[in-house]
Amino acid sequence: MLLIFDCDGVLVDSEALACEIDAQILTRIGLPYTAQDIARKFVGVSFKDMVARIEAEHACTLPADLGAQIDSALFAKFETDLKPIEGVRDAILSLPYPRCVASSSTPERIALSLRITGLSDLFDHVFSATQVARGKPAPDLFLHAAERMGVSPQDCVVIEDSAAGVQGALAAGMRVIGFVGGAHCGPEHAEKLRRAGARIVIDRMPDLKSAFGI
């Protein structure tokens with residue numbers, strides 16, 4: 001069995017910080033979004049897909065350096081405010097399975113997040129949506145991770161906090177555990193993941209082991 005962890009909102013408690021930065025910068029360039037708007041529409045979605053959706057919705061072309069603007073502000077915020085999901089390190093180490101990361105974020109953001117939170121040593125294999133044609137909710141990233149790790153999709157379990165991620169994992173033929181313990185998850189988030197197809201949803205990382213019946 002292979003465990004495939006999403007990064008943002010599963011390993012690191014970054015989504016609320018990222019939604020805040022995205023909203024600030026989009027509002028500054030004349031597209032008023034709140035952090036709640038970003039969370040509702042774009043959590044779990046790649047930056048490329050987020051840009052495409054915003055440009056289509058507003059019939060506009062976003063600045064070519066938007067990604068650089070966001071990364072600059074976000075990475076500075078991470079250095080001071082980013083924390084790991086509570087209990088995630090012990091939860092990972094309690095499971096006797098090979099593991100990897102498959103995230104919609106860029107390789108640079110994933111690496112920074114894992115370094116700041118002290119989780120880098122747990123993952124030798126990290127995969128980004130920048131490596132595939134389509135991001136979540138398409139299955140491409142998860143299938144890419146499974147292929148690179150030499151494991152059949154049916155032998156993979158994905159831990160995800162977003163509906164897009166749950167949908168992508170199921171489309172890849174994998175099992176999914178939904179996680180709703182991040183700061184961005186409101187009281188309705190568990191039901192949102194269940195509607196997306198997650199049969200098991202946990203809100204504490206110490207419960208991950210029991211989700212495998214161990």
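By convention here, the first residue in the shown sequence is residue 1.
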Test of understanding: clusters of I, L, V, M, F, W, Y form through side-chain heavy atoms closer than 4.5 Å, transitively. Do F127 and V176 belong to the same one? no

Scan side-chain atoms only and decide if D6 and S162 contain a donor-acceptor pair under the 3.5 Å cut-off. no

By the salt bridge (charged side-chain N to carboxylate O under 4.0 Å, His left out) test, which pairs, at least two apart or in different chains, include something from residues 145-174? K136-E160

Apply side chain to side chain contact (heavy atoms under 4.5 Å, CB included) to residues R89 and D121 and explain how you reach the verdict. CA-CA 10 Å; R89 185 180 185 86; D121 62 302; 2.6 Å; yes

Quick one: does L82's side chain get under 4.5 Å of T117's, heavy atoms only? yes

Which distance, rounded to the nearest 0.5 Å, do you find between the CG of L114 and the CG of L122? 8.5 Å

For residues H144 and Q131, report the shortest heavy-atom separation together with the two atoms involved. NE2-OE1, 3.8 Å

What residue pairs, at least two apart or across chains, pass ring-ring contact (aromatic ring centres under 6.0 Å, His included) with a residue in residues 30-52? Y33-H58

For F78, which residues count as a ring-ring contact (aromatic ring centres under 6.0 Å, His included) partner, sequence neighbours excluded? none

Return the CG to CD1 distance between L3 and I92, rounded to the nearest 0.5 Å. 9.0 Å

Which distance, rounded to the nearest 0.5 Å, do you find between the CD1 of I54 and the OG1 of T61? 12.5 Å

Do V126 and P107 have side chains that approach each other closer than 4.5 Å (heavy atoms only, starting at C-beta)? no

Answer with yes or no whether the hydrophobic clustering places L170 together with I202; edges join I, L, V, M, F, W, Y residues whose side-chain heavy atoms lie under 4.5 Å apart. no

Smallest separation among heavy atoms of K48 and V132, with atom names: NZ-O, 4.4 Å

Shortest non-hydrogen separation from G182 to D13 and the atoms involved: CA-OD1, 3.5 Å

Would you tell me whether T34 and D37 have side-chain atoms, one donor and one acceptor, within less than 3.5 Å of each other? yes

Please say yes or no: joined through hydrophobic side-chain contacts below 4.5 Å, possibly via intermediate residues, are F5 and Y97 part of one cluster? yes

Under a single-linkage definition using a 4.5 Å side-chain heavy-atom cutoff for Ile, Leu, Val, Met, Phe, Trp and Tyr, are I4 and L119 assigned to the same hydrophobic cluster? no

Using a 6.0 Å cut-off, check whether atom CD of E86 has over 12 heavy atoms from anything other than its own residue. no

L208 and F179, any side-chain heavy atoms less than 4.5 Å apart: no

For residues C185 and D203, determine if any side-chain heavy atom of one lies less than 4.5 Å from a side-chain heavy atom of the other. no

Closest approach of D8 to S14 (non-hydrogen atoms, all atoms of both residues): OD1-OG, 2.5 Å

Between E79 and R115 (salt bridge meaning N to carboxylate O under 4.0 Å), is one present in this structure? yes

What one should report as the nearest heavy-atom pair of S103 and I110 is CB-CD1, 3.6 Å

According to a hydrophobic-cluster definition based on side-chain heavy atoms being under 4.5 Å apart (Ile, Leu, Val, Met, Phe, Trp, Tyr only), do V43 and L66 belong together? no

